[in-house]
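First comes the structure, then the notes that go with it.
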There are 2 protein chains.
Amino acid sequence: MSDGTLATHAGRPTLEEVARVAGVSRATVSRVINGSPRVSADVLAVVEKAIAELNYVPNRAARSLVARATMSIALVVPEDAHRFFGDPYFADVVQGISDRLDDSDYVLNLQLTHPSSPSEKTRRYLLGGNVDGAIVVSHHSGDHFLTTLSRALPVVFGGRPIGEAAKDSDYYIDVDNRLGAVAGTQHLIDRGRRAIATITGPPDMPASVDREQGWREALRAAGLPDHRVAHGDFTEAGGIRAALTLVDTYPDVDAIFVASDLMASGALLALEERGLRVPEDVAVVGFDNSKYATRGKVGLTTVAQPAQEMGVVMADTLLRLLAGEAPPRVTTLDTHLVIRDST
Amino acid sequence: MSDGTLATHAGRPTLEEVARVAGVSRATVSRVINGSPRVSADVLAVVEKAIAELNYVPNRAARSLVARATMSIALVVPEDAHRFFGDPYFADVVQGISDRLDDSDYVLNLQLTHPSSPSEKTRRYLLGGNVDGAIVVSHHSGDHFLTTLSRALPVVFGGRPIGEAAKDSDYYIDVDNRLGAVAGTQHLIDRGRRAIATITGPPDMPASVDREQGWREALRAAGLPDHRVAHGDFTEAGGIRAALTLVDTYPDVDAIFVASDLMASGALLALEERGLRVPEDVAVVGFDNSKYATRGKVGLTTVAQPAQEMGVVMADTLLRLLAGEAPPRVTTLDTHLVIRDST
DNA sequence: GTGAAAGCGCTAACAG
DNA sequence: CTGTTAGCGCTTTCAC
C-alpha cells in the first residue's frame, strides 16, 4: 500500500498499465487498439495478450476528449411516449437503428421530447456538442427547433421533413407513400369497388398528405369520385371515429383506404359496430403491415413498408455522414401490397 | 490566421476562452459553472455574462474524464422490441424514467438486447465503465448476465429480479402483485362469481407467479376451488389461446382473473368468439389499467399499477444510489382496482 | 516499427 | 475569494 512505484489499484486498467505489462510504450498500445498497421506482429501479440489479461477497455471519455467526438448519437422522439410506443411502426424503426448501431462504435441516446417544444435541457444537449449526430423519428416535423437542428449537426430524419424551415439539404429516409397509396387503392378498384373512401393521418405530416394524394390519384385515373375523406390521427381511437363518420356520412361507401394499420384496426371495430361486414359490405386496406394487420378477426390487406430496414438505413446514413462520406440525401424504400381477408 | 497569440476559431468555446473574456482564471469559471459558493457576486456576474455571450457549454468528455463519471445511465431492455414497444406498460415506465432524468444531469443510453444473451458489445459497454449505472426494465430476469450486472455497477430493476444469481442486495421497484391480484379476485367473488379461473403470465417472471398466488389466496380464503388455470405469455394472442382453453376445459367458468390487460383484451376476443357475454356469462378482470382496458367494446375492470410513477421511482432510486445515498432497496407501490363494464 | 512528449477541456488541491 | 499547478486517459506528431 505504501509502495512508491508500483501501486496496485482496484479500478479499471488504463492503457498505461497495459503498456507496462506488455513492456511497450503507450503509443504502441494505442496503435494496437486502433488497428494501426505500423505494429510488428510479435509486439501486436504481446500487447493483445496484455489487453486480454487485464481485461482492458478503453476509456470513452478520454478518447472523446482527444478525438473531439462523442461517439454517441441522439434518437430524438418528438412524440408522446404513448403514441410512440403504441405504434409498432416505431418499434421496428428503433429495432433497425439499434441493430445497425450495434455494428458500430456509436451508442444511442434516447431523447423523449414534447412534440411541439423540446425541453431546454434537450436543446442544450443536442446543440451543446454532446452527440455527434441525431436521428429524428416521427411523422411530425413542423417543429421549428427540429427542422433547424440540422444546421448544428448531422441529422437524419425518418420520413420527409416539412415546414418552412426544412431545407433541401436535409437527409431523410422515406417510403414512397404516394405510390403505396396508389397500389392500395388500385387494388380496391380492381376488386370492383367504386365508392372508395379514405381515412387520412394528421394533415401536418407528409406521410398523411402523400398517402391521401396517392389515393386521390388512383381514383381520378379510374374516373372515380374522391370526396369521401375523413381525417384521423394515426391512433386506433381516431380510426374508429373517422370510420364512423364515414359510414354515417356516405352510407354507400364500399371500401376504405386507411393511412395506417392502427387506424384501420379501429375502422374494423367501427364497421363491426355498425353491423357492416368486411370485406363483403366494406373492403379495407391499411398501411404499414404492422402486427395490427393480423391482430383482429379479419386479416388486414395492407401496404407494407419496411420499417425495420428504414431504421437500418437511417442509422447507416448518419454513420456515413459522420464518417465524412456523402450518402444519398434522400433514400426512398419500396412498399408492397400484402393481401389478406379484408379485401 | 497567422496570429500567434489570439487565434479566432470556429469551434465551440472552451472554458479557457470564457476565462479570457471574463478576465479571470479557469478555476474561477469552473467554480461558477459548478455553483461553488466561493465566488464573489461581481465576479460571478462577469463570468455568467461571458458564458452567455459565448454561448458556452461545458465539454462532457473532459468533465467525465476528470470526474471519473460518465453522467449517463443505461436503459437495458432485454426484450424483443415488439414485445417491449407493444406493451403500454413499458411506455409509461420509460416515460417516467425519462421525466425524472430530465431533472438531472444524466442522459439515457438505450440498450436493446436479446432477452437471453446480450450482445458482446452490450456486455463490454455495460461492464466497461461507459455508464454510471443501469436500469433494467423487463418482466424477465432469469438472465444470468443481467442478474450478475449489479456486481459491476449500480443497477435498479423494474420488478423483482429472480434467478439463482439474484442477490438480496439488488435494488428494485415493484408493485404488490400478490395484493393486487387478491383485490381483483376478491372483487369477482364479491360479485357473486364462484367458478373463477385465471390466465397467468410466463412462469419465469415474478409478476406472473405473484399474481397467480394472489388469485389462489383469495379463492382459498373464500373456500373456492383454484384449479382453473391457463398459462399465457403477456401477449394478446396468448390471452386468446388461454381463454379458449379455459372455456373449453371448464365450461362452467363464470369469471377470469387475467394477469395483464393485453391478455385480457385477447380473452375478451375469445369469449366473444365462443358466444359468451361479458360480464353476464363470464366476468373478466385484467391487470395494468393500460390503454387496452378501454380499447374494446366492453371496458375492462382492472388492477391498476402506477407504471409511470414506477419509472420515476426507478430513475430516482438509481440517482440516489449514484449520489452516494442509501435509497430503499425495495420500493413497492400500490395498485388499485378500476371497475368498468367487464365485471 | 517504436518511443517521447505534448495536449484535448476540465476539475481539484494548494497557496496566497 | 482567486489563481497556479497538476493531472484525468488517450491519441498523435515528431524523432529515432
Side-chain angles (χ1 to χ4, degrees), chain A residues 7 9-48 50-51 54-72 105 124 128-132, chain B residues 4-5 7 9-48 50-51 54-72 105 124 128-132:
Chain A
H9 32 204
R12 297 169 48 209
T14 69
L15 181 147
E16 166 138 37
E17 306 186 62
V18 175
R20 197 154 43 207
V21 170
V24 299
S25 74
R26 298 183 304 172
T28 299
V29 177
S30 181
R31 288 188 187 101
V32 171
I33 292 167
N34 297 294
S36 162
R38 313 154 140 291
V39 181
S40 65
D42 42 346
V43 170
L44 181 91
V46 176
V47 174
E48 282 181 333
I51 288 178
L54 296 177
N55 215 295
Y56 168 75
V57 179
N59 179 310
R60 257 183 114 79
R63 231 178 200 190
S64 289
L65 186 55
V66 49
R68 283 125 179 286
T70 65
M71 297 313 281
S72 72
D105 286 327
R124 284 184 71 82
N130 296 299
V131 291
D132 297 336
Chain B
T5 51
H9 32 205
R12 295 169 50 208
T14 69
L15 181 148
E16 165 139 36
E17 306 185 62
V18 174
R20 195 153 45 206
V21 170
V24 298
S25 74
R26 297 183 304 171
T28 297
V29 176
S30 181
R31 287 189 188 100
V32 170
I33 291 167
N34 297 295
S36 162
R38 315 156 140 291
V39 182
S40 66
D42 44 343
V43 170
L44 181 90
V46 176
V47 173
E48 282 182 333
I51 288 177
L54 295 177
N55 216 295
Y56 169 74
V57 179
N59 180 309
R60 256 182 116 79
R63 231 178 201 190
S64 290
L65 186 54
V66 50
R68 285 132 179 286
T70 65
M71 297 313 282
S72 70
D105 285 328
R124 284 183 70 83
N130 296 300
V131 292
D132 298 335

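If you're wondering where the values come from, they're calculated on a predicted model, not measured in any experiment. Protein chains get the first letters and strands the later ones, always in sequence-line order, with residue 1 at the start of each.
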Atom-to-atom span, CD1 of A:Ile33 to P of D:dG9 - whole angstrom: 14 Å
Nearest heavy-atom contact between B:Thr14 and B:Tyr56 is C-CE1, 3.5 Å
Counting heavy atoms from C-beta on, name the nucleotide in C:dC10, D:dT2, D:dC8 closest to the side chain of B:Arg63. C:dC10
Nearest to the side chain of B:Val66, which nucleotide is it out of C:dC10, D:dC10, D:dT2? C:dC10
Considering only heavy side-chain atoms of B:Ser40, the closest of D:dT2, C:dC8, C:dC10 is D:dT2
What are the two closest heavy atoms between B:Met71 and B:Asp132, and how far apart are they? N-OD2, 2.6 Å
Is the closest side-chain heavy-atom distance between B:Arg63 and B:Ile33 below 4.5 Å? yes
Of the listed C:dA4, C:dG9, D:dT11, the closest approach to the A:Leu65 side chain comes from C:dG9
Determine: side-chain N/O of B:Thr28 to OP1/OP2 of D:dG3, distance under 4.0 Å, yes or no. yes
Which part of the nucleic acid, if any, lies within contact of B:Val24, taking any heavy atom under 4.0 Å across all strands shown: a base, the sugar-phosphate backbone alone, or nothing? sugar-phosphate
Atom-pair distance (CZ on A:Arg60; P on D:dT11), nearest Å: 12 Å
Length of the line joining B:Arg68:CZ and D:dC10:P, which is rounded to integer Å: 11 Å
Worked check of side chain to side chain donor-acceptor pair (under 3.5 Å) between A:Asn34 and A:Ser36: CA-CA 6 Å; A:Asn34 297 294; A:Ser36 162; over 6 Å; no
Non-hydrogen side-chain atoms of B:Val29 and B:Val24 separated by less than 4.5 Å: yes
Distance, rounded to the nearest Å, where B:Leu44 contributes CG and D:dC1 contributes P: 11 Å
Rounded to the Å, how far apart are B:Arg26 CZ and C:dG9 P? 11 Å
Can you tell me if A:Asn59 touches the phosphate of D:dC8, counting only side-chain N or O atoms and a distance under 4.0 Å to OP1 or OP2? no
Quick check: on DNA chain D, is the nucleotide nearest B:Pro37 upstream (toward 5') of the one nearest B:Ala67, or the reverse? Name the residue that is more 5'. B:Pro37
Take the protein atom CZ of B:Arg38 and the nucleotide atom P of D:dG3, then report the distance between them rounded to whole Å. 14 Å
Rounding to an integer number of Å, can you tell me how far B:Arg31 CZ sits from D:dT2 C1'? 6 Å
Scan A:Ser30 against the nucleic acid and name what it touches under 4.0 Å (heavy atoms): base, sugar-phosphate only, or nothing. base
OP1 or OP2 of D:dG3 sitting under 4.0 Å from any side-chain N/O of B:Ser25? yes
What is the distance, to the nearest angstrom, from the CG atom on B:Leu15 to the P atom on D:dC8? 19 Å
